[in-house]
Amino acid sequence: MTFSAQGAPPPVVEIKPDDRRYADLQMRGYNRRFVGTPDSVYLVSDTQQVVDVVNQAVRDGKRIAVRSGGHCAEGLIDDPAVEAVIDLSMMDGVGYDADMRAFVVQGGVKLGRLYEVLDMGWGVTLPGGSCPGVGVGGHVTGGGNGVLSRQYGTISDYLYAIEIVVVDADGNANVVVATREQDDEHRDLWWAHAGGGGGNFGIVTRFWFRDPAARGDDPASILPPSPTAYTQVTAVWQWDALDESLFALLVKNFMSWSERNAAPGLPTAVVHGEMAALRKEGGAVMLMGWLDPSAEGSGDLLEAYLAEVTDGLPEPMMIRQENEPWLYRVLNIPDEAAAVGLDAARLRTKIKSAYLRAPLDDDQVSTLHRHLTQPGYEHHAAGVMLATWGGRINEVGPTQTAITQRDSIVLMSFISSWNESADDDKHLAWVRAFYADVFSATGGVPVSNDQTAGCYINWPDTDISDPRFNKSGVHWSALFYGDNYTKLQKVKSRWDPNGIFRHALSIEGI
């Protein structure tokens with residue numbers, strides 16, 4: 001198992017503020033609302049280098065953060081308090097480990113490279129997210145999911161083992177391998193990384209992936225097969241064609257379909273659906289559906305999904321079906337900033353999330369319409385998205401991994417993106433008020449109850465820990481982790497007793 005040419009890895013590269021490369025590394029952050037100013041950024045190439053850098057930083061009393069792909073939506077890494085960023089981007093190897101009988105992926109690999117190597121090498125894939133620039137580090141550890149997840153589960157459900165650099169009570173960095181094997185004394189550390197969020201316990205330098213149901217040692221049979229193609233259907237309505245009652249009907253139809261099709265084992269698990277409604281200035285409300293066309297009855301399933309969700313609605317302005325090679329499509333997803341007319345290099349954004357166990361009620365749907373259409377906030381790059389949940393995701397029990405939201409039907413996101421720092425207050429106020437109004441009955445946040453199931457840690461939102469915005473009286477940890485938080489705290493206390501790895505939403509030790 002080799003990741004690079006023979007010979008020693010390149011040495012650690014320490015980049016300081018006076019180095020011309022420093023600004024490029026600052027730009028690796030996704031959200032320009034947060035730009036870090038660390039004393040040093042360390043580019044590392046293997047696990048021993050991570051150990052050495054961590055040991056030095058601990059001895060020097062430096063605050064540490066680790067970066068994989070750089071797509072964190074909040075300032076957890078790009079925090080002024082962080083003095084040493086350990087950048088894993090040079091660690092981008094993907095291969096098959098015959099000893100582990102699993103695919104091994106270094107901590108700096110991005111999803112696009114992961115999908116390409118798995119597909120080209122073995123004809124297999126993992127059910128992660130769509131953005132090719134997202135790093136595996138935070139994505140896997142936070143329960144990453146995507147268009148294949150209803151069919152196959154989250155990417156974290158395939159995590160077999162991790163190699164991680166942790167710091168013991170004496171301040172020494174050590175390398176630990178933790179697997180999902182029941183007799184592994186480090187199994188708690190594996191469990192915490194299957195959905196417990198990144199940056200909490202140490203620095204994962206390698207991930208191993210294998211389907212829990214796989215048998216044998218044929219690499220081509222231990223992960224899901226790559227889709228034969230990528231079929232997407234998109235229906236688009238201009239806002240002028242949808243009054244409040246028709247908009248409500250579309251939202252309710254979508255949630256109803258999601259509720260009826262969330263259980264594991266249904267043939268509709270191959271369908272992933274999304275509904276996106278931008279502000280009225282954005283001009284469009286979109287319904288999308290994806291699947292692998294080789295799935296049994298796929299044409300009928302996609303047609304039925306579209307028919308059920310659009311029942312009673314006017315003809316869309318446009319219905320488009322695209323059939324493209326799967327790998328080509330996932331490697332060429334349009335840049336999300338450019339798609340809404342923004343400059344990606346200056347992207348500023350705020351995203352908030354909510355899991356639904358049951359559909360929104362009439363008042364909540366009316367609230368969606370009001371915030372998307374009322375005057376006073378004329379901005380095209382803001383809106384709400386609903387994505388189908390369930391299927392094989394819900395086949396796993398809520399305590400089998402750290403992902404607790406295993407009985408949800410929809411994952412919602414509320415977002416606004418912009419370019420000018422002078423407009424921060426205006427855009428933040430809109431998205432915060434929108435979210436608070438939708439969940440006003442539960443203190444402005446989606447607390448765990450019969451209807452809602454908290455928030456998605458891979459869309460971190462520090463507002464959830466702020467009593468100005470979370471008025472529910474429920475601790476932020478319960479919204480992200482539910483009843484799994486106490487176990488995560490025990491893992492934190494065992495493996496990071498000095499709290500070396502911490503950020504604004506990090507697990508707190510007991």
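Looking only at distances, a side-chain donor or acceptor of Gln106 sits under 3.5 Å from a matching main-chain atom of Gly93. A side-chain donor-acceptor contact under 3.5 Å links Gln364 to the backbone of Val438. For Arg67 (side chain) and Ile77 (main-chain N/O), no donor-acceptor pair under 3.5 Å exists by modelled atom type.
Side-chain contact between Leu118 and Phe209: absent, with no pair of heavy atoms (C-beta onward) separated by less than 4.5 Å. Using a 4.5 Å cut-off on side-chain heavy atoms (C-beta onward), Tyr22 and Pro38 make contact. Contact of the Trp459 side chain with the Leu411 side chain is registered, since non-hydrogen atoms from C-beta on lie closer than 4.5 Å.
Environment of CE in Met286: crowded, with over 12 heavy atoms of neighbouring residues, nucleotides or ligands closer than 6.0 Å. When the shell of 6.0 Å around CD of Glu315 is examined, it contains 12 or fewer heavy atoms from other residues, nucleotides or ligands. The local environment of CD in Glu324 is crowded, with over 12 non-hydrogen atoms from other residues, nucleotides or ligands closer than 6.0 Å. With a 6.0 Å radius and a threshold of 12 heavy atoms from other residues, nucleotides or ligands, Asp243 has its CG atom above the threshold. Counting heavy-atom neighbours within 6.0 Å of Asp450 CG, excluding the residue itself, gives a total of 12 or less.
Nearest heavy atom pair, residue Gln405 against residue Cys455, reads NE2-O, 3.2 Å. The nearest pair of heavy atoms linking Leu505 to Trp476 is O-CH2, 3.2 Å.
In summary, the side chains of Arg406 and Thr401 do present a donor paired with an acceptor at a separation below 3.5 Å, with no hydrogens or angles considered.
Partner of Tyr30 under the side-chain hydrogen bond (donor to acceptor under 3.5 Å, both in side chains) criterion, out of His71, Glu336, Glu74: Glu336 alone. For the pairing with Glu420, the salt bridge (charged side-chain N to carboxylate O under 4.0 Å, His left out) check across Arg346, Arg33, Arg348, Arg32 returns one residue only, Arg346. Tested against Tyr481 for a side-chain contact (heavy atoms from CB on, under 4.5 Å), the candidates Thr404, Ile403, Ile507 yield a single pass: Ile507.
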query = Can you list the steps and then say if Thr367 with Asp437 is a side chain to side chain donor-acceptor pair (under 3.5 Å)?
reply = CA-CA 7 Å; Thr367 300; Asp437 282 358; over 6 Å; no
request  = Check the pair Arg21, Asp87 against salt bridge (charged side-chain N to carboxylate O under 4.0 Å, His left out), reporting the backbone distance first and the verdict last.
outcome  = CA-CA 13 Å; Arg21 295 166 290 182; Asp87 189 298; over 6 Å; no
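In this structure, Asp461 pairs ionically with Lys350, as a charged nitrogen and a carboxylate oxygen lie closer than 4.0 Å.
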